[in-house]
Every structure is written in structure tokens, then in C-alpha cells.
Trainee: 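Quick one: the structure is below, and I'll ask about it shortly.
Bear in mind that the values here come from a model prediction, so they are computed numbers and not experimental data.
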Amino acid sequence: MKRIYSMMLIVILCLGMMTPVYAEEDVTVPNDPVTGTEPLPEDEKEDVPETPVIEPLPDDEKEDVPADQSTETFLHIDNQNIYEGMATAYKNGYQPVCANGEVTIVLPLVCDGNVKQDTLTASVDLGSTENSPFVYRNYEKNFELTNQPVNGTNETKEIFYITFMISLASNRVNGIYPIVILVTGKDAAGREINQSFTNFVTITDGIDPNAPADSGSDPIAEPVETPTSAPIVLISNSKIKTNPVEAGKEFEAVITLKNTSTLKSVQNMVATVTVPSSDFELLNESSTIYVGKLGKEKMTELTLRFRVSQGTPEGNYPVQIGMSYDDPKANTYSSAGNFTVTVIQPLDVELTIPKIEKELVAGDTIPLNFQVMNLGRSQIFNVRCDVTGNGLVQTKAAFIGNMESGTAGEAAANVFIDRLEGVDSYGETMGTITLTYEDSLGSEYSQEYTFDTAIIKPVTSEALTQAEEEPVSQWWVSILIVGGIGLLAAVGAGAYLLGRKQR
């Protein structure tokens, strides 16, 4: 019986649990906003552990993230300033300029980060070709980060100066047309940069779409694009700091390039230097020099350094500079020019000085023979020797003339010995021998050598006669003296002998 009661109790309990509970009002409990599940009853919450609260790390424990990798690089238009080819700034309603059958678009971009190699690529999207006023061709160029003058002053700003000149179709219709410039590149972290900028071009010199049709009138002549000349870049000036240049030495040349065009600027300009021979060595890092953009009637300077070998023959040598560049329509042009370098060889001339006596007699004329040796690599001209000094008068010049390299020449000069100028007519004096010659350019050089001598009084005929007479008179005097002495001796001897006989 107990088992029967137990089974009945279990059945009753089961039926009770299956019985629905009705409430006066249905209340929908919202799901938990974090887990997305229904909340537990209050009496069961005690058994569920609370979700742990994760507190943020302190600032000094956060992992550093490089700024250039966490922040994207964006380009935006400099709308404050006016650049070349612009009538107004973007903030004042800049519009591309239409003239001479083409439209010029200027897009000055600044970057809030770093661009890889400071270079962007820009292309033009002209939209659909149907009823388009533009001439379609490939408009894509690279632009570098450059300093551009702003607001017509000498002040500059570093920007990406993007500009295009787009030809207009001859049958263009007046209206407003959008042009989209697509700019691509990479930032310093290697991420792609892709942005587009839209300009609106207003055509006013084309066909009026609202003009009334007149079948009897002449057809409207299509506007003709006025051709313009190509820009030409020339060498306007050259300055060599040491000209002429001595063989075996280095020199520096500053070359001025000028864009002669009054209508068009040039861009992507490259200058290439060509030396005239192997004797010239260009000391710059490369013979190709990137110039970039050169505005209308603007100039730029190139500084070139060279070395000339020791064995370079004398002469004038042309150094060529070739230029290649694009106009705003991306048409490529080239030009060339040269500047002249004059090379001279160092001069090495030696003089052999003749022997000059320590005493020179006034009134005499002495010959002096000179020998000159040209030890240099170049010819010398008008070689001569001159003698000057107080009391020394050259009466015949020692002229050798022109001398080839490695030769020797001789010439004689006559010098008259005169009395000294001043209080004393005779005495010591100093003479100067001057060797003079010219190089191939006509420049004169000189070397001076000095010598010491004395000018003495000449011996006259009267003095010579007196000098000859004085020895004769002295001889007779000597004879008389000797004779007198002998006579006295004889007299003395005779007296002595006579005295002895008398004794």
C-alpha cells in the first residue's frame, strides 16, 4: 500500500508542475545586453558568478603604436594661397582658366603625413566622351613635393603642385563640365593613397546651345585653337671662377638656365652634362641633374665641378649641357647649349745668367750672352732679356722670339757702362736682368735676377803718359845716386893710398 501511495503522490506532483500559471498581465523581460540571454530569477542569481570587470591598463603599460602606422595619410587642397596659373584662391571660388583652346587646371595639395619618396601620381578623368568639350588623351604625370611661390611674392610653400593643360575640342558647346583629378601614391608606412578632387570648367567660347536655329544663315564657324610656340630652355650665362683653367687643377662652373617662354612653364626637366674629352672629369655625383619645374621666364642655376688632367693641351673646350622637359600638356621637348672652358699649361722657363765682372770701367761696352730654356708643355712667345740699373745702359736688346716646348734659345745684349747718377759718379751699383715672355693668350710674365758690381773711373791718356814718364826719371836718379856714391868711394880710396905713400 505504501508503494501505491508513493506512486500516486509522484503522479500528482508531476501534474502540478505541468499546470500553466496565468498572470494578470504579460510582461516581457528584455535580454541581457551583454550576454544576449534572458536574466535569471532573483533566487537563482546567487549561484551565478558575477562577470569580472576588466579595468583599462595604465598609460605607461600601453603598447606604443607608431603614429605613421596608426593614422592614415590624407591630402587636401591649400585653399588659402594663389599659385602660378591661378587667378584666385580656392576659398574665393577658384576656376580653371580657359584660353587659346585649352584649359589650365591647378591643384595645390598639402599632406598631413609623409608620402613615400615625396612623389604622387595624378591622372585626369574627363568623364563620358559624349558631348564632351575636351580632347581625350593620356593625362597622367608624376609630381614631386616642391617649394612654390605664393601670392605673387618671394615667399614659398612646400606643396604638391599638380597642374594639367587640357586641349578643348573645336566643336565644344558652352556649359559647365566637371573634371576629376585622381591622385595616388603611398605613405611612409606603405599604405595606398587614393583620393579624387573635382573641378568645374566653364566653357564660354564654344557653341551656344540656346541660340535659335536659322536654316538660312551661314553655319557657325568652329572656333580654331590658336597654336602656341613650344617653350625653349637655354644657357643664359656661365661663370667659371678660375678662367683660364690651369691643366692639372680643379675648377667650378655656375651655369644659368632660363625658360625663354612667356606663355608656358616646363616641368620634369633634366639636364645632362657631356664633357669634351677624357681629359675632363666631372666631379658631381652624376652627369644627369634633375631640375624639376621652371616657370615662365624663370631661371635656375647649376653648379658643376671639374678636374682637368695635367696633360691636357692648351685650347678652348666646349662643355655641352642637354635639357629635356615637358610642357603643361606633357609634350616632351629638348634643347642643348654649351659653355667654353679655356685650358692653359703651367709655364716653366729658366734663364742662365752670364758672368759679370765685379768691377766695370766707365765708358766701356760689355757683351752679355743669355740662354733661355722652355721646360713647360706649351709654347711661349716674345722671349727677351733686358738689363737695367744705375750706370748700366742697354744698347742692344737680347731678343729670342718664340720658343716651342722643350727648346732652348740664346741671345746677346750690349751694355754701356756709364757714370753713376748722384753725388758719386763712381762706386758700387746693383743691376737687374729681366726675362720677359708671353703665353698663348697674350698674357705677359716676367722673372727678375739681380747682380752687384762697381763702376770705376776710366784711365785717361795723360795719366798713362805720366805713368810712363815716372819710371824713366826715377831710373836716371838712381844712376846718378849710384854714380855719386861710386865717385865718393873712389876719391876716398885715392886719398887713403896717397897718405900712405907720404908716410
Trainee: Does Ser261 offer a backbone N or O that forms a donor-acceptor pair with the side chain of Asn259 under 3.5 Å?
Mentor: yes
Trainee: How far apart are the closest heavy atoms of Asn79 and Ala89, and which atoms are they?
Mentor: O-CB, 3.6 Å
Trainee: Shortest non-hydrogen contact from Thr73 to Cys111?
Mentor: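 The pair with the smallest heavy-atom distance is CG2-SG, 3.1 Å.
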Trainee: Would you sort out whether Leu351 and Ile433 count as a side chain to side chain contact (heavy atoms under 4.5 Å, CB included), showing the intermediate values?
Mentor: CA-CA 10 Å; Leu351 170 66; Ile433 299 173; 4.0 Å; yes
Trainee: State, with a plain yes or no, whether a side-chain heavy atom of Ile77 is found less than 4.5 Å away from one of Leu109.
Mentor: yes
Trainee: What residue pairs, at least two apart or across chains, pass salt bridge (Lys or Arg N to Asp or Glu O under 4.0 Å) with a residue in residues 124-148?
Mentor: none
Trainee: For Asn374 and Glu404, indicate whether the former's side chain and the latter's backbone hold a donor-acceptor pair under 3.5 Å.
Mentor: yes
Trainee: Using modelled atom types and a 3.5 Å cut-off, is there a donor and acceptor pairing between side-chain atoms of Ser335 and backbone atoms of Val233?
Mentor: yes
Trainee: For Tyr90, enumerate each residue passing the ring pair (Phe, Tyr, Trp, His ring centres under 6.0 Å) test, keeping only those at least two apart in sequence or located in another chain.
Mentor: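 Tyr90: ring pair (Phe, Tyr, Trp, His ring centres under 6.0 Å) contacts with Tyr94.
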Trainee: If we ignore hydrogens and angles and just use 3.5 Å, is the side chain of Asp112 paired with the main-chain N or O of Phe74 as donor and acceptor?
Mentor: yes
Trainee: What I want to check is whether the side chains of Asn174 and Asp208 have a donor and an acceptor closer together than 3.5 Å.
Mentor: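 No pair is found: no donor N or O on one side chain lies under 3.5 Å from an acceptor on the other.
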Trainee: So, the side chain of Gln267 versus the backbone of Asp327: is there a donor-acceptor pair under 3.5 Å, distance only?
Mentor: yes
Trainee: Is any side-chain heavy atom of Ile289 less than 4.5 Å from a side-chain heavy atom of Leu302?
Mentor: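 With C-beta onward as the side chain, the pair touches.
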Trainee: Could you list the residues that satisfy ring pair (Phe, Tyr, Trp, His ring centres under 6.0 Å) with Phe280, not counting sequence neighbours?
Mentor: Tyr317
Trainee: Using 0.5 Å steps for rounding, measure from the CG atom of Asn138 to the OG atom of Ser123.
Mentor: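 Rounded to the nearest 0.5 Å, the CG-OG separation comes to 8.5 Å.
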Trainee: Under 4.5 Å between any side-chain heavy atoms of Ile255 and Leu304, yes or no?
Mentor: yes
Trainee: In sequence, state the C-alpha distance, the side-chain angles, and the governing distance for Ser405 and Gln379, and then conclude on side chain to side chain contact (heavy atoms under 4.5 Å, CB included).
Mentor: CA-CA 5 Å; Ser405 172; Gln379 185 180 10; over 6 Å; no
Trainee: To the closest 0.5 Å, what do you measure between CE (Met403) and CD1 (Ile380)?
Mentor: 5.0 Å
Trainee: Does a donor on one side chain and an acceptor on the other come within less than 3.5 Å for Lys293 and Thr146?
Mentor: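 There is no such pair (donor and acceptor under 3.5 Å, judged by atom type) between the side chains of Lys293 and Thr146.
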Trainee: Which residues pass the salt bridge (Lys or Arg N to Asp or Glu O under 4.0 Å) test with Glu281, sequence neighbours left out?
Mentor: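 Counting only residues at least two positions away or on another chain, Glu281 forms a salt bridge (Lys or Arg N to Asp or Glu O under 4.0 Å) with Arg307.
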Trainee: Could you check whether any side-chain N or O of Asn402 sits under 3.5 Å from a backbone N or O of Asn382, counting only pairs where one atom can act as donor and the other as acceptor?
Mentor: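 Yes, the answer is positive, given that a donor and an acceptor are paired below the 3.5 Å cut-off.
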Trainee: With a 4.5 Å limit on heavy-atom distance, are the side chains of Pro313 and Asp279 in contact?
Mentor: yes
Trainee: Working to the nearest 0.5 Å, report the span between NZ of Lys396 and CG of Leu368.
Mentor: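 Here the rounded value is 11.0 Å.
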Trainee: Residues two or more places apart in sequence or in another chain: which of them pass salt bridge (Lys or Arg N to Asp or Glu O under 4.0 Å) with Lys186?
Mentor: Glu192
Trainee: Output every pair passing ring pair (Phe, Tyr, Trp, His ring centres under 6.0 Å) with a member in residues 103-152, not counting sequence neighbours, ordered by first then second residue.
Mentor: Phe143-Phe164
Trainee: Quick one: side chains of residues 234-248, donor-acceptor pairs under 3.5 Å with protein atoms, not counting sequence neighbours, listed by atom name and distance.
Mentor:
from	atom 1	to	atom 2	distance (Å)
Ser236	OG	Thr256	O	3.4
Lys241	NZ	Glu252	OE2	2.9
Glu246	OE2	Lys249	NZ	3.4

Trainee: Drop me the distance from Asp439's CG to Ser378's OG, to the nearest 0.5 angstrom.
Mentor: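 The distance works out to 7.5 Å.
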Trainee: For the residue pair Ser440 / Glu314, report whether a side-chain donor-acceptor contact shorter than 3.5 Å exists.
Mentor: yes
Trainee: My understanding is that only residues two or more places apart in sequence, or in another chain, count here; which of them pass salt bridge (Lys or Arg N to Asp or Glu O under 4.0 Å) with Glu438?
Mentor: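 By the salt bridge (Lys or Arg N to Asp or Glu O under 4.0 Å) rule, Glu438 matches no residue at all.
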Trainee: Ignoring hydrogens and geometry, is there a side-chain-to-backbone donor-acceptor pair from Glu410 to Phe370 under 3.5 Å?
Mentor: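 Answer holds: no.
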Trainee: If you round to the nearest 0.5 Å, how far is CD1 of Ile82 from CG of Asn92?
Mentor: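 Taking CG in Asn92 and CD1 in Ile82, the distance rounds to 7.0 Å.
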Trainee: Restricting to non-hydrogen atoms, name the atom on Ser132 and the atom on Ala169 that form the minimum distance, rounded to 0.1 Å.
Mentor: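 That closest heavy-atom pairing would be O-CB, 4.5 Å.
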Trainee: Are there more than 12 heavy atoms of other residues, nucleotides or ligands under 6.0 Å from atom CD of Glu155?
Mentor: no
Trainee: Side chains of Tyr449 and Gln447 only: does a donor on one sit below 3.5 Å from an acceptor on the other?
Mentor: yes
Trainee: Only pairs at least two apart or in different chains count here, so list each ring pair (Phe, Tyr, Trp, His ring centres under 6.0 Å) that has a residue in residues 170-194.
Mentor: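 For residues 170-194: none.
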Trainee: Given 3.5 Å as the limit, does a donor-acceptor pair link the side chain of Thr119 with the main chain of Gln117, or not?
Mentor: yes
Trainee: Quick check: do Val110 and His76 have side-chain heavy atoms less than 4.5 Å from each other?
Mentor: yes
Trainee: Ignoring hydrogens and angles, tell me if any N or O in the side chain of Tyr325 forms a donor-acceptor pair with the backbone of Pro231 under 3.5 Å.
Mentor: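 Yes, Tyr325 side chain to Pro231 backbone: donor-acceptor pair under 3.5 Å.
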Trainee: Can you name the closest pair of heavy atoms from Ala412 and Asn369 and give their distance?
Mentor: CB-OD1, 3.1 Å
Trainee: Does the side chain of Met323 come within less than 4.5 Å of Ser334's, by heavy atoms?
Mentor: no
Trainee: For a quick test of your reading: what N or O donor-acceptor pairs under 3.5 Å do the side chains of residues 341-349 make, sequence neighbours left out?
Mentor:
from	atom 1	to	atom 2	distance (Å)
Thr342	OG1	Asn316	OD1	2.7
Gln345	NE2	Gln310	O	2.9
Gln345	NE2	Thr312	O	2.6

Trainee: Where the side chain of Thr153 meets the backbone of Val150, is there a donor-acceptor pair that is under 3.5 Å apart?
Mentor: yes
Trainee: Does a side-chain heavy-atom distance below 4.5 Å link Ile193 with Asp187?
Mentor: yes
Trainee: Quick one: do the Thr352 and Glu350 side chains pair a donor with an acceptor below 3.5 Å?
Mentor: no
Trainee: What pair of heavy atoms forms the shortest contact from Gly101 to Arg172, and how long is it?
Mentor: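 Gly101 and Arg172 have their closest heavy atoms at CA-NH2, 4.2 Å.
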Trainee: Heavy-atom distance under 4.5 Å between the side chains of Leu107 and Phe160, does that happen here?
Mentor: no
Trainee: Under the salt bridge (Lys or Arg N to Asp or Glu O under 4.0 Å) rule, collect the residues that match up with Lys157, sequence neighbours excluded.
Mentor: Asp78
Trainee: To check you understand the geometry: which heavy-atom pair defines the closest contact between Val319 and Thr274, and what is its length?
Mentor: CG1-O, 3.7 Å
Trainee: In plain terms, say whether Arg305 and Glu250 are close enough for a salt bridge, that is, a side-chain N and a carboxylate O under 4.0 Å apart.
Mentor: no
Trainee: Step by step, would you call Ile105 with Ile179 a side chain to side chain contact (heavy atoms under 4.5 Å, CB included)?
Mentor: CA-CA 9 Å; Ile105 299 177; Ile179 291 181; 3.5 Å; yes
Trainee: Roughly how far, to the nearest 0.5 Å, is the CG atom of Asn147 from the CD1 atom of Ile159?
Mentor: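 Separation between the atoms: 9.0 Å.
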Trainee: What pairs with Thr332 under side chain to side chain donor-acceptor pair (under 3.5 Å), at least two apart in sequence or on another chain?
Mentor: Asp326
Trainee: Side chain to side chain contact (heavy atoms under 4.5 Å, CB included) between Val97 and Val106: does it pass, once the steps are laid out?
Mentor: CA-CA 9 Å; Val97 177; Val106 178; over 6 Å; no
